[in-house]
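When a residue number appears, it is its place in the shown sequence, counting from 1. Read the numbers this way: they start at 1 and go in the same order the structure lists the ligands and their atoms.
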Amino acid sequence: MGGFLGRDILSIADFSRADIEHILKVADDMVVDPHKASERSLAGRILATVFFEPSTRTRLSFESAMKRLGGDVVSFGGLEGSSVAKGETLSDTVRMVEAYADAIVLRHPQEGAARLAAEFSSKPVINGGDGAGQHPTQTLLDLYTIWDELDTIDGRTVAFVGDLKYGRTVHSLALALCNFDVDLYCVAPPTLQLPGYILSQIKERGRDVKTANTLEELVKDVDVLYVTRIQKERFPDAAEYAKVAGSYRIDLDMLREAKKHMIIMHPLPRLGEIAPEVDRTPHAKYFQQAQNGVRVRMALLSLIFGVIP
Ligand code: NCD
C-alpha cells in the first residue's frame with residue numbers, strides 16, 4: 001500500500017486495491033454528524049478549490065469535508081473574477097494558489113490538467129475532474145457506496161449506462177473495478193461507447209467488458225446500475241448531441257424484473273435519465289451516494305495531510 005501523506009490524487013489507476021480498501025475503511029470511520037464530531041484534526045490547514053467547470057457536489061462536499069475536520073477553504077470561482085480572465089496560464093495560477101493553500105482540488109475542462117498542475121505544485125493536487133479524463137474522488141465515493149450498500153464489491157455485476165465516451169466518472173470507476181472480481185457491462189448508443197484506450201487498460205488488467213444493446217435484456221442480472229448524463233458540453237457538434245439526447249430513461253416499468261437488492265447509482269446531475277418516480281424505490285441510491293462524498297473526502301484529506309496513516 002502506498003503512503004498517502006502529501007500524495008497527489010490524479011488518476012484512480014495510481015491506486016492499488018489495498019489503497020482503495022484502506023480509504024474506504026477510513027471513510028467508514030469518519031464521523032460526519034456535527035453533534036458527535038469533536039476532532040478538528042485539520043485545524044490550521046487550508047484547502048484551495050479551483051474549479052474551471054461547474055460543480056455542485058464535488059466542490060461543496062470537499063469544502064464541507066475540510067470544514068468538518070476543522071480546516072479552512074479558499075475558493076476560486078472560475079474564470080470570471082480571477083486573473084484567468086486576463087489570460088493567466090494554468091501553471092501560473094497553480095503556482096500562486098499553492099502559496100495560499102496546503103492542498104489544491106482542481107477541476108478543469110482539459111484532460112491531463114490535474115497532472116500538469118501537479119508538476120507545478122509542491123502541494124498535493126487532487127483531480128476534481130479533468131475534461132473527459134478522470135474523476136478519481138468520485139470513484140472512491142462510488143466504490144464506498146457499492147461496498148456500503150451491498151457489503152462486497154467482489155462478485156457483483158455492474159452495468160454502465162449512458163455516455164461512456166465522455167463520462168469521466170465511468171472511465172475512473174471502470175478502471176477501479178478491475179481491482180475487483182466483477183462483471184462489467186456497457187449499455188450506450190453506438191457513438192457513446194467506452195473509448196478504445198479505456199478498453200485497452202481494462203484488458204491489460206485482465207478484465208473484460210460486455211456490451212448489451214438494451215437495458216431491458218440486462219436489468220434482471222445486474223447488482224449495480226450506474227447511470228450517467230450525456231455530457232453535452234463535450235460534444236464537438238450540437239447535431240451529434242441532438243441525435244443521442246434522451247436516448248434512454250430508467251422508469252418503474254423497467255425495474256419490474258430487477259433484483260431486490262439492485263442499486264441505481266448516478267454521479268449527478270441527472271437530466272432525464274432517471275424518472276423521478278424511481279427516487280421512491282429502494283433501488284435509488286444516488287442521493288445517498290452524493291452524501292457519501294463528504295465522508296470519503298474527509299478520509300482522503302485526513303490521509304493526504306497525514307493525520308491518519
Ligand atoms: C460528474 C462530473 O462532473 O463528472 N458530476 C460529479 O462530479 N458528481 C458527472 C456529470 O457532470 O455528469
Side-chain angles (χ1 to χ4, degrees), residues 9-13 27 47 49-66 75-79 104-115 125-146 158 160-176 186-189 192 194-195 198 224-235 241 244-250 263-274 279 284-298 300-301:
I9 311 288
L10 302 177
S11 164
I12 202 70
L47 177 72
T49 54
V50 180
F51 279 62
F52 293 105
E53 275 189 347
S55 170
T56 302
R57 282 147 287 269
T58 304
R59 179 166 170 169
L60 288 186
S61 63
F62 259 116
E63 297 189 354
S64 171
M66 192 63 187
S75 207
F76 183 99
L79 301 173
I104 303 169
V105 185
L106 175 72
R107 170 169 290 187
H108 197 280
Q110 241 164 20
E111 254 176 88
R115 204 168 282 280
V125 173
I126 303 171
N127 184 0
D130 62 324
Q134 283 267 320
H135 196 344
T137 68
Q138 176 72 39
T139 296
L140 291 166
L141 74 91
D142 292 342
L143 293 171
Y144 179 86
T145 304
I146 300 173
V158 181
F160 290 108
V161 184
D163 187 345
L164 317 186
K165 179 177 184 187
Y166 296 117
R168 56 194 174 198
T169 68
V170 172
H171 301 167
S172 290
L173 182 56
L175 292 183
C186 287
V187 188
L192 295 182
L194 276 180
I198 296 283
V224 178
L225 200 58
Y226 193 92
V227 187
T228 61
R229 171 179 72 89
I230 296 188
Q231 310 278 299
K232 183 178 183 186
E233 67 276 27
R234 313 227 186 273
F235 279 68
Y241 172 74
V244 285
S247 37
Y248 54 92
R249 181 175 169 90
I250 315 294
I263 60 172
I264 304 173
M265 295 171 62
H266 192 309
L268 303 176
R270 69 172 151 179
L271 298 180
E273 308 88 53
I274 303 176
D279 300 359
K285 297 296 174 197
Y286 25 92
F287 294 117
Q288 182 58 45
Q289 179 188 353
Q291 208 172 313
N292 292 340
V294 176
R295 65 170 57 254
V296 169
R297 290 175 171 126
M298 284 170 78
L300 265 180
L301 292 168

* Against heavy atoms of Gln231, which atoms of ligand 1 measure under 4.0 Å? -> 10 (C), 12 (O)
* Pair Ser75-Glu63, side-chain donor/acceptor within less than 3.5 Å -> yes
* Asked: Do His135 and Arg107 have a side chain donor and acceptor closer than 3.5 Å?
  -> yes
* To do: Please determine, by modelled atom types, if Ser64 and Arg297 share a side-chain donor-acceptor pair under 3.5 angstrom.
  => no
* Which of the numbered atoms in ligand 1 are below 4.0 angstrom from a heavy atom of Thr169? -> 1 (C), 4 (O)
* Structure fact -> ligand 1 atoms nearer than 4.0 angstrom to some heavy atom of His135 are 2 (C), 4 (O), 6 (C), 7 (O)
* Asked: Any N or O on Pro269 sitting closer than 3.5 Å to an N or O of ligand 1?
  -> no
* **ring pair (Phe, Tyr, Trp, His ring centres under 6.0 Å) involving Phe235 - partner list, sequence neighbours excluded** => Tyr166, Tyr241
* Structure fact -> Among non-hydrogen protein atoms, atom 8 (N) of ligand 1 lies closest to Pro267 O, 2.8 Å
* Asked: Given side chains that start at C-beta, do those of Ile250 and Glu273 come closer than 4.5 Å, heavy atoms only?
  -> no
* So which protein heavy atom does atom 9 (C) of ligand 1 come closest to, and at what separation? -> Leu268 O, 3.6 Å
* Examine Arg229 against ligand 1 and note whether any of their N/O atoms are separated by less than 3.5 Å. => yes
* Do you know which of Leu301, Leu300, Val294 makes side chain to side chain contact (heavy atoms under 4.5 Å, CB included) with Met298? -> Val294
* Asked: Short list, please: which atoms of ligand 1 are under 4.0 Å from a heavy atom of Thr58?
  -> 6 (C), 7 (O)
* Return the residue, atom name and 0.1 Å-rounded distance of the protein heavy atom closest to atom 4 (O) of ligand 1. => Arg168 NE, 2.7 Å
* Asked: If you look only at pairs with a residue in residues 166-175, which of them pass as a salt bridge (Lys or Arg N to Asp or Glu O under 4.0 Å), with sequence neighbours excluded?
  -> Glu53-Arg168
* Asked: Does at least one non-hydrogen atom of Glu53 fall below 4.0 angstrom from an atom of ligand 1?
  -> no
